[in-house]
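Beneath this line is the structure, given in structure tokens, with notes to follow.
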Amino acid sequence: MPEGDSLAKTARRLQVLVGEQVEVETPHPRAAVKQLARRLDGRTLLGVEAAGKNLILRFEDGVVLRSHLRMSGRWQVRPRGSKLFGRPWLVLRGAEREAVLWNGPVLELDDRAVRRLGPDILDQPPELDGMNVWKAEALWEARVSPWRAVNDTSDEELRAILQAAHELMTTSVETGRGRRVAYNRAGRGCRRCGTPIEARGQGDANRTAYWCPACQPDHAH
């Protein structure tokens with residue numbers, strides 16, 4: 001699956017079409033039924049940005065297209081009029097270049113999903129406070145202390161933390177609601193064992209870490 005840094009590079013390549021009035025084609029039938037060509041053809045592309053694993057294309061009149069590449073999707077930028085082999089999902093043609101989307105099943109002309117996206121570590125500047133929420137919640141879910149050194153954390157625990165973060169953030173994107181069981185709950189009872197949640201500044205930036213001292217011991221099991 002293309003990761004955030006790959007999407008950022010793709011967004012950079014697509015900048016060649018920003019400011020141009022694009023011609024739009026949807027050769028793939030599953031894209032054609034979305035009527036993207038009717039909505040986008042002839043509009044000026046105002047900006048392209050990566051948001052996590054999403055590519056956001058902003059057109060005039062407030063029209064926003066979200067592209068998620070799933071496992072095998074990819075965007076290609078090439079000279080306008082190059083021969084097509086196969087049926088891409090979307091083609092955006094500018095005066096000299098065209099952007100072609102292959103195997104990109106997630107295409108939405110709706111910015112509600114965009115507004116629900118969590119913080120992106122590649123943002124400039126990154127929204128560190130927002131990321132701290134997911135850190136606190138994922139560590140609580142995996143029962144790992146924020147004070148545990150990485151060298152003292154097993155591969156299984158690290159996988160559990162990443163899996164928890166994935167599930168929590170996915171739920172937040174899909175429902176628009178984020179669960180809070182540790183973050184910003186200092187002094188309140190842990191929802192798993194009842195022990196009061198503790199909080200203390202951590203790292204050079206002194207950002208607050210939240211954890212349950214009973215469920216998340218700072219020593220390896």
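All values reported here derive from a predicted model rather than from experimental measurement. Numbers here simply count residues along the sequence, with the first being 1. All heavy atoms count here, side chains included; hydrogens, waters and symmetry mates do not.
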Got a list of side-chain donor-acceptor pairs under 3.5 Å for residues 199-206, not counting sequence neighbours?
from: Gln202; atom 1: OE1; to: Lys135; atom 2: NZ; distance (Å): 2.5
from: Gln202; atom 1: NE2; to: Pro146; atom 2: O; distance (Å): 2.7

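A salt bridge is defined here as a Lys NZ or Arg NE, NH1 or NH2 lying under 4.0 Å from an Asp or Glu carboxylate O, and Glu20 with Arg97 fails to meet this definition. For the pair Arg78 and Glu98, the salt-bridge criterion is met [side-chain N within less than 4.0 Å of a carboxylate O].
The closest side-chain heavy-atom distance from Leu14 to Leu45 is not below 4.5 Å. Residues Gln76 and Trp102 are in side-chain contact: their nearest non-hydrogen atoms beyond the backbone lie under 4.5 Å apart. Between Lys34 and Thr26, the closest side-chain pair of non-hydrogen atoms is not below 4.5 Å. Counting only heavy atoms from C-beta outward, the side chains of Asp155 and Arg159 approach each other to under 4.5 Å. The shortest side-chain heavy-atom distance between Asn103 and Arg74 does not fall under the 4.5 Å cut-off.
With rounding to the nearest 0.5 Å, the separation of CG in Asp41 from CD in Gln21 is 8.5 Å. Of the inter-residue distances, the one linking Leu65 atom CG with Arg43 atom CZ reads 11.5 Å to the nearest 0.5 angstrom. Separation of atoms CG (Leu40) and CD (Glu60) is listed at 10.5 Å; rounding is to 0.5 Å. To the nearest 0.5 Å, the span separating CD on Glu167 from CD on Glu137 amounts to 13.5 Å. Interatomic distance, Asn132 CG to Tyr183 OH, rounded to the nearest 0.5 Å: 6.0 Å. The distance from the CG atom of Leu139 to the CD atom of Gln216 is 6.5 Å, given to the nearest 0.5 Å.
A continuous path of hydrophobic side-chain contacts links Leu55 to Val63 [ILVMFWY only; heavy atoms under 4.5 Å]. Under a hydrophobic-cluster definition in which Ile, Leu, Val, Met, Phe, Trp and Tyr are linked whenever side-chain heavy atoms come within less than 4.5 Å, directly or via other members, Leu168 and Val144 are assigned to different clusters. Hydrophobic clustering (ILVMFWY, side-chain heavy atoms < 4.5 Å, transitive): Val100 and Leu107 are in distinct clusters. Note: the hydrophobic cluster containing Val77 also contains Val22 (ILVMFWY, side chain heavy atoms under 4.5 Å, direct or indirect links). Two different hydrophobic clusters hold Val106 and Leu57 under the rule that ILVMFWY side chains link at heavy-atom gaps under 4.5 Å.
A pairwise comparison of heavy atoms in Thr195 and Cys212 identifies CB-SG, 3.9 Å as the closest pair. Shown here for Leu92 and Leu17, the closest heavy-atom pair between the two residues is O-CD1, 3.6 Å. The minimum heavy-atom distance between Val18 and Leu46, with the atom names listed, is CG1-O, 3.3 Å. Pairing each heavy atom of Trp140 with each of Arg192, the nearest pair is O-NH2, 2.7 Å. Nearest heavy atom pair, residue Pro196 against residue Pro213, reads O-CD, 3.5 Å. What you find for Gly86 and Pro88 is that their closest heavy atoms are O-CD, 3.5 Å.
Side-chain atoms of Glu25 never come within 3.5 Å of backbone atoms of Val91 as a donor-acceptor pair (strictly under, hydrogens ignored). Although no hydrogens or angles enter the test, the distance criterion places a donor-acceptor pair under 3.5 Å between the side chain of Arg80 and the main chain of Gly94.
Under the side chain to side chain donor-acceptor pair (under 3.5 Å) rule, Asn54 has a single partner from Glu49, Arg66, Glu108, which is Arg66.
For Trp89, the ring-ring contact (aromatic ring centres under 6.0 Å, His included) partners at least two apart in sequence or on another chain are His28. Taking Trp211 as the reference, Trp147 meet the ring-ring contact (aromatic ring centres under 6.0 Å, His included) condition, with sequence neighbours excluded.
Heavy-atom neighbours of Glu96 CD from other residues, nucleotides or ligands within 6.0 Å: at or below the threshold of 12.
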